[in-house]
Structures are given as C-alpha cells and as structure tokens.
Asker: 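Sharing a structure, written as structure tokens. Questions coming.
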Amino acid sequence: MIERVRAVLVTADDTMLVIRRTRPGIPEYWVLPGGGVEPGDESREAALHREIHEEIAGKADIIRLLHTMETDDERQLFYLARIATWSFDDRTGPEFSAEGRGEYALEEVPLTLEGLDGIDLRPEEFAHVLRGAVGAGGLGVEASL
C-alpha cells in the first residue's frame, strides 16, 4: 500500500501554507505540503520532515495526526504542525524540475472558514474535515505551543 503524508503547516500569523497547483488543461487547485513515504524513511513523521524540507526548505514541529484517509491501495495521513521558517526559493524536490508537472506556488491562506472557502483544497474529503474543525473552534494549535 502506498502511504502519503501531508501537513497543515500553521505559521506564527495563524495562516497555513498551501501549494497552488496550476497544470495545463486543469483548473487550479491547492494541496498541502507533503508526499510519499519512502522505504528509507524511519517513520511517517520522518517522511513528513523530509518532504517539508524538499518542498519548502522548511522545518516544522509536528503536533499531532489530524486525519487518515484510506482506499484499497493508498493511505494518506494528515498532520497538524507549526512552522516558523521556510523558503520556497530553496526547495529541492524532484517534482519541481519534472517536465509537464505545471506550476507550484507557495501561498499563505488564513486558517479561517473564509480563507478555506477561497481555495479549492484537495483532496476534497480532507478539506471538508479541516473546514469542520476550523468551524468548531479551531485545531487546538494554541494549546500545543
């Protein structure tokens, strides 16, 4: 089974970092930083740290697992994390140089219902879970600091 890890990366300004994807022939959409767990990764959390480093040259403090989605052949784990520094210019992930992959743009989005409603966050199932948590009073990031 393929495993993927992604993070809701909350900044000091209580925004979250998302990647706006623009691909030929497809309406733009947003995804959370993250990617596949590789055989050499010591843990899922180690894979998430590696992916955050590759995609945004950042370091994050993982707070907790928020949600898991599973199909017959794939499991996606969504974590809550705090991030203080990042640099999209210093990213090193192989996907950024792959031909035909389209554009990747890092954006900060307010971690509010209005902010979430302003983007097409994928996967849709997790976007719904995140909206529910934010609408119910937040993710509890403050209590974890």
Side-chain angles (χ1 to χ4, degrees), residues 1-38 41-96 98 101-145:
M1 174 178 287
I2 296 171
E3 284 195 322
R4 300 186 191 285
V5 289
R6 298 209 173 272
V8 175
L9 294 173
V10 181
T11 70
D13 295 328
D14 289 324
T15 61
M16 74 171 180
L17 297 179
V18 291
I19 298 173
R20 179 174 37 90
R21 293 284 285 121
T22 307
R23 298 168 62 189
I26 299 174
E28 68 183 6
Y29 62 94
W30 287 256
V31 296
L32 298 172
V37 177
E38 297 178 358
D41 292 325
E42 292 181 16
S43 65
R44 294 170 179 142
E45 291 81 6
L48 186 57
H49 283 295
R50 177 185 48 74
E51 286 288 343
I52 290 168
H53 177 73
E54 288 176 0
E55 291 190 1
I56 62 173
K59 290 186 183 253
D61 293 321
I62 298 172
I63 297 169
R64 71 175 183 278
L65 180 66
L66 284 175
H67 185 69
T68 302
M69 289 175 30
E70 197 165 319
T71 62
D72 289 340
D73 58 350
E74 182 179 73
R75 177 181 300 127
Q76 291 193 69
L77 298 106
F78 296 86
Y79 290 86
L80 177 63
R82 270 281 186 191
I83 190 160
T85 61
W86 60 92
S87 172
F88 206 55
D89 293 332
D90 296 326
R91 61 191 177 176
T92 61
E95 62 270 27
F96 302 116
R101 292 295 304 243
E103 299 288 323
Y104 291 76
L106 187 65
E107 296 182 354
E108 286 185 65
V109 173
L111 195 49
T112 62
L113 288 177
E114 296 78 18
L116 293 171
D117 287 343
I119 63 173
D120 180 12
L121 183 64
R122 298 198 185 159
E124 189 175 319
E125 177 185 330
F126 181 72
H128 180 73
V129 168
L130 186 57
R131 281 185 185 93
V134 169
L139 297 169
V141 178
E142 305 77 22
S144 304
L145 297 178

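Values in this document were obtained by computation on a predicted structure and should not be read as measured data.
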Asker: If you apply the rule side chain to side chain contact (heavy atoms under 4.5 Å, CB included), what do you find for K59 with I83, and how did you get there?
Answerer: CA-CA 6 Å; K59 290 186 183 253; I83 190 160; over 6 Å; no
Asker: Measure the spacing between CG of L80 and NE2 of H67 and express it to the nearest 0.5 Å.
Answerer: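 Atom-to-atom, L80:CG and H67:NE2 are 14.0 Å apart.
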Asker: Any idea which heavy atoms bring I52 and A7 closest together, and the distance?
Answerer: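 Scanning both residues, the minimum pair turns out to be CD1-CB, 4.3 Å.
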Asker: Run the side chain to side chain contact (heavy atoms under 4.5 Å, CB included) check on L106 and E55 step by step: do they pass?
Answerer: CA-CA 9 Å; L106 187 65; E55 291 190 1; over 6 Å; no
Asker: Would you name the heavy atoms of M69 and P123 that are closest together and state the gap between them?
Answerer: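 Nearest pair, atom of M69 first, then P123: CE-CG, 3.7 Å.
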Asker: Restricting to side-chain hydrogen bond (donor to acceptor under 3.5 Å, both in side chains), what partner residues turn up for R4, sequence neighbours left out?
Answerer: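 By the side-chain hydrogen bond (donor to acceptor under 3.5 Å, both in side chains) rule, R4 matches E74.
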Asker: Nearest 0.5 angstrom please: M16 CE to T112 OG1, how far?
Answerer: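 These two atoms lie 9.0 Å from each other.
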Asker: Specify the closest pair of heavy atoms between P24 and G102, including all atoms of both residues, with the distance to one decimal.
Answerer: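 Taking every non-hydrogen atom into account, CD-CA, 4.4 Å.
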Asker: How far apart are the closest heavy atoms of P33 and L48, and which atoms are they?
Answerer: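 That would be O-CD1, 4.4 Å.
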Asker: Below 4.5 Å, heavy atoms only, C-beta onward: do V18 and L32 meet side chain to side chain?
Answerer: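 They are in contact (side-chain heavy atoms under 4.5 Å apart), so the answer is yes.
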Asker: So, taking the atom named OG1 in T22 and the one named CH2 in W30, what distance separates them when rounded to the nearest 0.5 Å?
Answerer: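 So the gap between those two atoms works out to 7.5 Å.
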Asker: Is the closest side-chain heavy-atom distance between E125 and Q76 below 4.5 Å?
Answerer: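 Counting from C-beta outward, E125 and Q76 never come under 4.5 Å.
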Asker: Hey, mind stepping through I63 and R82 against side chain to side chain contact (heavy atoms under 4.5 Å, CB included) and telling me if it holds?
Answerer: CA-CA 7 Å; I63 297 169; R82 270 281 186 191; 3.9 Å; yes
Asker: Keeping R21 on the side-chain end and E103 on the backbone end, is there a donor-acceptor pair under 3.5 Å?
Answerer: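 Looks like yes, one N/O pair under 3.5 Å.
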Asker: With a 4.5 Å heavy-atom cut-off, do D73 and I2 have their side chains touching?
Answerer: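 They are not in side-chain contact.
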Asker: I need the R44 CZ to I62 CD1 distance, nearest 0.5 Å.
Answerer: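 Answer for the CZ-CD1 pair, R44 versus I62, is 12.0 Å.
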Asker: Between the side chain of R131 and the main-chain N/O of L116, is any donor-acceptor distance below 3.5 Å?
Answerer: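 Answer holds: yes.
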Asker: According to ring pair (Phe, Tyr, Trp, His ring centres under 6.0 Å), who are the partners of F78, at least two apart in sequence or on a separate chain?
Answerer: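 By the ring pair (Phe, Tyr, Trp, His ring centres under 6.0 Å) rule, F78 matches F126.
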Asker: Say you draw a straight line from CG of L9 to CG of D61; how long is it, rounded to the nearest 0.5 Å?
Answerer: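 So the CG of L9 and the CG of D61 are separated by 10.5 Å.
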Asker: I'd like to know whether L111 forms a side chain to side chain contact (heavy atoms under 4.5 Å, CB included) with D14, so could you lay out the CA-CA distance, the side-chain angles of the two residues, the decisive distance to 0.1 Å, and finally the verdict.
Answerer: CA-CA 6 Å; L111 195 49; D14 289 324; 5.5 Å; no
Asker: Nearest 0.5 angstrom please: L66 CG to R6 CZ, how far?
Answerer: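 It is 14.0 Å, given to the nearest 0.5 Å.
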Asker: Between A127 and L121, which heavy-atom pair has the shortest distance, and what is it?
Answerer: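 A127 and L121 have their closest heavy atoms at CB-O, 3.5 Å.
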Asker: Could you check whether any side-chain heavy atom of W86 comes within less than 4.5 Å of a side-chain heavy atom of E108, counting everything from C-beta outward?
Answerer: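 They are in side-chain contact.
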Asker: Closest approach of G36 and D41, non-hydrogen atoms and distance?
Answerer: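 Closest pair (atom of G36, atom of D41, distance): O-OD2, 4.2 Å.
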